[in-house]
Amino acid sequence: MPELPEVEVVRRGLADHVVGRTIEHAEFRGARVARRHLPGPADLSDRLAGNLIAEARRRGKYLWLVLRTPDGSEQGLITHLGMSGQLLVEDPSAPEEKHLHARFCFADAGPELRFVDQRTFGGMALSDLTECGVPETIAHIAPDPLEPGFDQAAVVRRMKTRDTAVKRALLDQTLVSGIGNIYADEALWRAQVHGERLCSALTRPALSRLLDHARDVMLEALGQGGTSFDALYVNVNGASGYFDRSLNAYGQEGRPCQRCGTPIRRESFMNRSSYSCPRCQPRPRRPRT
DNA sequence: CTTTTCTCCTGTATGC
DNA sequence: TGCATACAGGAGAAAA
């Protein structure tokens, strides 16, 4: 499940393989891949032909290619991988994947770019760029912990006023972006905090430490090429990441906690699974339902 | 406005 | 063997 580290691995792959190249032709199949592009897939295809890919950028789990037309105007092609989206750089003669939703052919006739997505939660859309270079349609997404403009003290202040569970806040992309279920559980395990504790029940230093852990664990995962549980997350060359070997909480139900040996538990939270150590991360006394 | 729930999707695993 | 059900979960719409 691509979260910040996995999306960054993909962004780097795009920077290496498609930045600097000119799109000759792009095709989109089905309505879902372009559902956030309101004029529809045909319009999206029409607008891409002839553009130079000038940059590959990212904020949180969102990725965008900066497209430059021959007259010099720029737009962002936003791509979100959702649950199972893949951007693959492949030889044009490679057989089509079962869930191929978009393909980009380049003027240099080199390898093409494909968007493959089994669960179709991902998608692509064109958006104008704001003055600070972020696409308008994702202006509501907060800075992520790895970008220079990330103001951790401000995030801590906002978190402190939230009347909700701390894991919910970690997953709120308008508060801090890039963190999904895996790295939320890993950060909470490192901070020895149960995700259902209220934000207001934690001190500001504790919230700040939690964000430190979130940043640290995502950086470490990035160094391992991200986390892959199955073939759904791969880089642009189809290779998996190895951080699953370093997970301490997520998916570790029944395995001994690496700090205290107590078996890791799985609980349901927000209609998803949460993993934690019963001893290091005790549930709050007044649990929220 | 803030917070929570629902919905989209398909492959894999599990149960009867 | 076959069918039903649970699960994985990001994010935006809708509801509370």
Side-chain angles (χ1 to χ4, degrees), chain A residues 1-8 10 28-38 58-64 78-87 97-102 115-125 127 134-142 144 155 157-188 195-201 214 218 226-234 240-241 244 247 249-254 265-275 287-289:
Chain A
M1 300 95 227
E3 301 179 27
L4 187 154
E6 293 77 31
V7 179
E8 175 62 14
V10 172
F28 296 88
R29 300 181 186 178
R32 284 193 61 77
V33 64
R35 67 192 184 284
R36 306 264 176 228
H37 185 78
L38 301 182
R58 181 190 59 74
R59 165 167 280 185
K61 305 170 193 171
Y62 280 91
L63 191 63
W64 66 94
I78 301 173
T79 301
H80 198 292
L81 302 177
M83 284 286 296
S84 54
Q86 304 175 336
L87 286 168
E97 290 77 4
K98 182 176 179 185
H99 299 289
L100 176 66
H101 296 295
F115 183 68
V116 175
D117 188 7
Q118 176 191 103
R119 296 178 198 167
T120 69
F121 279 17
M124 296 179 150
S127 174
V134 174
E136 287 177 357
T137 50
I138 60 163
H140 62 292
I141 300 297
D144 66 63
V155 174
R157 284 195 297 274
R158 286 185 67 197
M159 280 181 84
K160 185 71 180 168
T161 67
R162 289 280 173 109
D163 182 25
T164 192
V166 67
K167 181 168 176 180
R168 235 179 237 285
L170 285 179
L171 296 173
D172 183 347
Q173 306 297 303
T174 67
L175 197 50
V176 50
S177 68
I179 304 170
N181 206 34
I182 297 172
Y183 299 111
D185 277 3
E186 292 301 307
L188 289 161
E196 289 182 54
R197 291 185 66 184
L198 291 178
C199 289
S200 55
M218 289 195 291
T227 302
S228 304
F229 292 106
D230 46 37
L232 290 185
Y233 162 68
V234 292
S240 296
D244 59 311
L247 295 174
Y250 184 87
Q252 306 301 303
E253 183 181 19
R265 71 179 154 204
R266 179 164 73 105
E267 297 172 298
S268 185
F269 176 66
M270 291 171 71
N271 288 320
R272 273 136 186 68
S273 289
S274 285
Y275 300 86
R288 295 174 61 82
T289 53

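Note on naming: letters A, B, ... go to the chains in the order of the sequence lines (proteins, then strands), and numbering restarts at 1 for each one.
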message: Under a 3.5 Å cutoff, is there a donor and acceptor pairing between the side chains of A:Ser274 and A:Lys167?
response: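 Indeed, the side chains of A:Ser274 and A:Lys167 share at least one donor-acceptor pair under 3.5 Å.
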- prompt: Does the cation-pi check pass for A:Arg32 over A:Phe121, that is, NZ or CZ under 6.0 Å from the six-membered ring centre and within 45° of its axis?
  reply: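 Not flagged: A:Arg32 not positioned over aromatic ring of A:Phe121.
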[N] phosphate, OP1 or OP2: any side-chain N/O from [X] under 4.0 angstrom?
X        : N      : answer
A:His99  : B:dT10 : no
A:Tyr183 : C:dG10 : no
A:Lys98  : B:dT10 : no
A:Gln118 : B:dT10 : no
A:Thr164 : B:dT4  : yes
A:Arg119 : B:dG11 : no

Nearest to the side chain of [X] - [options]?
X        : options               : answer
A:Lys61  : C:dG10, C:dG12, B:dC9 : C:dG10
A:Arg32  : C:dA11, B:dT3, B:dC9  : B:dC9
A:His140 : C:dG12, C:dA8, B:dT10 : C:dG12
A:Met83  : C:dA8, B:dT3, B:dT5   : C:dA8
A:His80  : C:dA8, B:dT5, C:dG10  : C:dG10
A:Arg162 : C:dA11, B:dC9, B:dT3  : B:dT3
A:Ser273 : B:dT5, C:dA8, C:dA11  : C:dA8

message: In the structure I gave you, are the side-chain heavy atoms of A:Val116 and A:His101 within less than 4.5 Å of one another anywhere?
response: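 They are not in side-chain contact.
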- prompt: Which part of the nucleic acid does A:Arg266 contact within heavy-atom distance under 4.0 Å: base, sugar-phosphate only, or nothing?
  reply: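 Sugar-phosphate only.
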- prompt: Base, sugar-phosphate, or nothing for A:Tyr62, non-hydrogen atoms under 4.0 angstrom?
  reply: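 Contact class for A:Tyr62: sugar-phosphate only.
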Can you tell me the distance, in whole Å, between the [atom1] atom of [X] and the [atom2] atom of [N]?
X        : N      : atom1 : atom2 : answer
A:Met270 : C:dG12 : CE    : C1'   : 13 Å
A:Glu253 : C:dC7  : CD    : P     : 11 Å
A:Leu175 : B:dT4  : CG    : P     : 13 Å
A:Ile138 : C:dG10 : CD1   : P     : 17 Å

query: Any donor-acceptor pair under 3.5 Å between the side chain of A:Arg272 and the base of C:dA8?
result: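 Counting by modelled atom types and ignoring angles, no donor-acceptor contact under 3.5 Å is found here.
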query: Less than 5.5 Å between centroids and less than 30° between ring planes, does A:Phe121 satisfy that with C:dA11?
result: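 Stacking between A:Phe121 and C:dA11: absent.
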task: Output, in order, the C-alpha distance, side-chain angles, deciding distance and verdict of side-chain contact (heavy atoms from CB on, under 4.5 Å) for A:Leu4 and A:Ile179.
output: CA-CA 6 Å; A:Leu4 187 154; A:Ile179 304 170; over 6 Å; no
- prompt: If you pin A:Asn271 and A:Thr161 to their nearest nucleotides in DNA chain B, which one's is more 5'?
  reply: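 By nearest-heavy-atom nucleotide position, the 5'-most residue is A:Thr161.
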task: Heavy atoms only: give me the nearest A:Tyr183-A:Glu6 pair and the separation to one decimal.
output: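 Closest approach of A:Tyr183 to A:Glu6: OH-OE2, 2.6 Å.
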message: Please give me the minimum heavy-atom distance between A:Gly122 and A:Asp117, naming the atom from each residue.
response: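 Heavy-atom minimum between the residues: N-OD2, 3.0 Å.
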